[in-house]
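Reviewing the structure listed below.
A quick note: this is a predicted structure, and the numbers were derived from the prediction, not measured.
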Amino acid sequence: MALFDVKNITKQQLQSLIDNKVFENKELEYKDYSFTNGKISDKQKDKFMKEVAAFANTNGGTIIIGMQEDENRLPIQLNGAGLSIKEFDNWLSSFRQLVLSRIRPHLHGIECIPVELSESNIAIVIYVPKSYARPHSFWDGNKDEFFMRYANGITYMDIDDLRKEFLYANSIQDKIRYFRRDRISMIAANECIGNLGDTAKIVFHIIPEWSFELGNQIDLLKLKNNTRFRPISASGWDYRYNADGYCIFSYDRETNLIKDYTQVFHNGIIEAVEIRLMSEHGAKRVYEWSQMQLACIGALVEYGNIMERLHIPKPWHILATILNAKDYVANFGWGELSLPVERDLVFSLDGVCTEDIQMKVALKPVFDSLSNAFGFEKSNAFE
């Protein structure tokens, strides 16, 4: 967790660390660096990047550049980083290039915030998130070294630490796969929100790696009156809390069959099921394929915006599954039909949304692979 609200840090908040004698700790580091011409010196580069990697490999934390400390690691003076606010962009470009070239795999989600101390001097607050792609190495051009954070410094990761983190990375993929499998089984058995019928349906999952960390949960109350949070195709909907979290849905009032729903789980995972566009346009015929894709993409992008506002960290994995799909065809062009789908269960390729890959870009492999299932070369929604 960030030490401050990273969007609203003030000089007074930094001074309060001195006034309140806040020691360096496992999640807080002071650096009395002064930069020349907006650049990080060669002497500082290696130590700096080792610190960043160590925070990412542990619990994340905050590095304050321009804070002097004493021999007991207490902050004593706010000296600043020797840059003006006008020079910050050059420094930030240099910093990001350094992270990109020295830390492997690439570390996402770092926030760098300038705090103006005077017209010619700023402090820089760097928030490093706990990474869900750990372990990250510091690469000096010849070899990889792995570090982790302890009480108020960094140390090399030993073989047991590395084994634990590599197993963690593998376990995240397993957890995503098992979650999807279990939910698809429940949806097929009508054990989720209500009776979904036995026609074709498309299921989307947005799965943050953050969601599998013990204790992570979101505030569901923030969803209740959000008018931008809606099922994929419904113009009106109901809502309810359930064992999994919070769900919005629409249904046919004569048959009571659910037509679409979007479930938000306590841990931030989103599941969206769309039936109306898949199955209500003729026998085994999907709604016009281009328009259907655009409707789904628009909804998924909005779900991503909502997840941003709920402060759910990336990366997010996006997956799609079509159930009961065998022999379904999609309309396209002037009433023309696609090839029929060859199987009942269609799994898309995965998309991954990160700080550097926006949701719509991450969705392209998902919809390309769904389009392939209908015989198309690729999705036409990204042209």
Side-chain angles (χ1 to χ4, degrees), residues 1-8 26-27 55-62 108-111 127-134 164-165 167-187 191-193 203-231 237-249 261-273 299-319 350-355 359 362:
M1 174 177 268
L3 183 65
F4 303 112
D5 174 0
V6 294
K7 302 300 182 184
N8 300 290
K26 193 173 183 179
E27 298 177 8
F55 273 115
N57 285 337
T58 316
N59 292 325
T62 304
H108 301 284
I110 299 178
E111 298 266 8
Y127 170 60
V128 182
K130 179 179 182 179
S131 176
Y132 297 95
R134 60 186 191 270
K164 175 183 175 183
E165 294 305 326
L167 287 173
Y168 166 83
N170 290 334
S171 73
I172 284 290
Q173 300 304 315
D174 288 341
K175 288 175 180 178
I176 291 170
R177 185 168 62 252
Y178 294 152
F179 177 86
R180 181 197 207 182
R181 180 198 66 188
D182 289 347
R183 291 300 299 183
I184 293 302
S185 295
M186 292 177 70
I187 291 167
E191 293 179 356
C192 293
I193 188 64
V203 182
F204 295 99
H205 286 110
I206 307 177
I207 306 178
E209 294 183 10
W210 173 89
S211 299
F212 296 109
E213 287 281 317
L214 186 64
N216 285 348
Q217 63 181 41
I218 62 170
D219 183 359
L220 296 175
L221 292 176
K222 293 182 178 180
L223 296 168
K224 183 175 179 180
N225 296 315
N226 188 334
T227 57
R228 300 186 70 87
F229 178 52
R230 57 182 63 198
W237 58 91
D238 293 299
Y239 74 89
R240 80 180 203 197
Y241 294 93
N242 57 23
D244 294 314
Y246 180 81
C247 185
I248 53 176
F249 59 96
Y261 75 80
T262 301
Q263 171 79 52
V264 182
F265 292 79
H266 293 289
N267 62 6
I269 292 173
I270 290 182
E271 174 180 277
V273 176
L300 293 167
V301 168
E302 188 57 50
Y303 296 160
N305 293 335
I306 291 169
M307 293 170 74
E308 292 269 15
R309 291 193 285 273
L310 291 171
H311 305 294
I312 300 175
K314 297 171 182 173
W316 307 332
H317 296 257
I318 306 105
L319 312 93
D350 297 1
V352 182
C353 181
T354 69
E355 296 296 335
M359 174 65 84

Inset, instruction - Report yes or no: does Tyr178 contribute a side-chain atom to a donor-acceptor pair with the main-chain N or O of Gln173 at less than 3.5 Å? - result: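 Checking the backbone N and O of Gln173 against the side chain of Tyr178, no donor-acceptor pair under 3.5 Å is found.
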Legend entry - Any donor-acceptor pair under 3.5 Å from Ser211 side chain to Asn267 backbone: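 Such a contact is found between Ser211 side chain and Asn267 backbone.
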Legend entry - Tyr239/Phe229 aromatic ring centres below 6.0 Å: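 That pair fails the under 6.0 Å test.
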Separation of [Y] [atom2] from [X] [atom1] (nearest 0.5 Å):
| X | Y | atom1 | atom2 | result |
| --- | --- | --- | --- | --- |
| Ile193 | Ile187 | CD1 | CD1 | 11.0 Å |
| Lys222 | Ile306 | NZ | CD1 | 13.0 Å |
| Lys130 | Phe55 | NZ | CZ | 14.0 Å |
| Lys26 | Asn59 | NZ | CG | 5.0 Å |
| Arg177 | Ile172 | CZ | CD1 | 12.0 Å |
| Arg309 | Asn305 | CZ | CG | 5.5 Å |

Restricting to non-hydrogen atoms, name the atom on [X] and the atom on [Y] that form the minimum distance, rounded to 0.1 Å.
| X | Y | result |
| --- | --- | --- |
| Tyr261 | Cys247 | CD1-SG, 3.8 Å |
| Asn57 | Arg134 | OD1-CB, 3.6 Å |
| Ala272 | Tyr303 | CB-CE1, 3.9 Å |
| Thr227 | Arg230 | O-NH2, 3.2 Å |
| Phe212 | Phe179 | CZ-CB, 4.4 Å |

Heavy atoms, side chains only, cut-off 4.5 Å: are [X] and [Y] in contact?
| X | Y | result |
| --- | --- | --- |
| Met307 | Ile270 | yes |
| Pro129 | Ile110 | yes |
| Ile176 | Leu319 | yes |
| Arg240 | Phe249 | yes |
| Ile248 | Leu223 | no |

If the condition is side-chain contact (heavy atoms from CB on, under 4.5 Å), which residues does [X] pass it with, not counting sequence neighbours?
| X | result |
| --- | --- |
| Lys164 | none |
| Ala362 | Ile318, Cys353, Ile357 |
| Trp210 | Tyr132, Pro208, Asn216, Ile218, Ile312, Pro313 |
| Leu221 | Asp219, Tyr241 |

Inset, instruction - Check each of Glu308, Glu355, Glu209 against Lys314 using the side chain to side chain donor-acceptor pair (under 3.5 Å) test, and report the only one that passes. - result: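 Per the side chain to side chain donor-acceptor pair (under 3.5 Å) rule, the option paired with Lys314 is Glu308, out of Glu308, Glu355, Glu209.
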Legend entry - Under-4.0 Å salt bridge between Glu213 and Lys175: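 No, this pair does not count.
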Inset, instruction - Just grab all the salt bridge (charged side-chain N to carboxylate O under 4.0 Å, His left out) pairs involving residues 263-272, residues at least two apart or on different chains. - result: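 Applying salt bridge (charged side-chain N to carboxylate O under 4.0 Å, His left out) to every pair that reaches into residues 263-272, excluding sequence neighbours, yields Arg183-Glu271.
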Inset, instruction - Tell me, please, which residues at least two apart from His317 pass ring-ring contact (aromatic ring centres under 6.0 Å, His included). - result: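 Scan of His317 (ring-ring contact (aromatic ring centres under 6.0 Å, His included), adjacent residues dropped) gives none.
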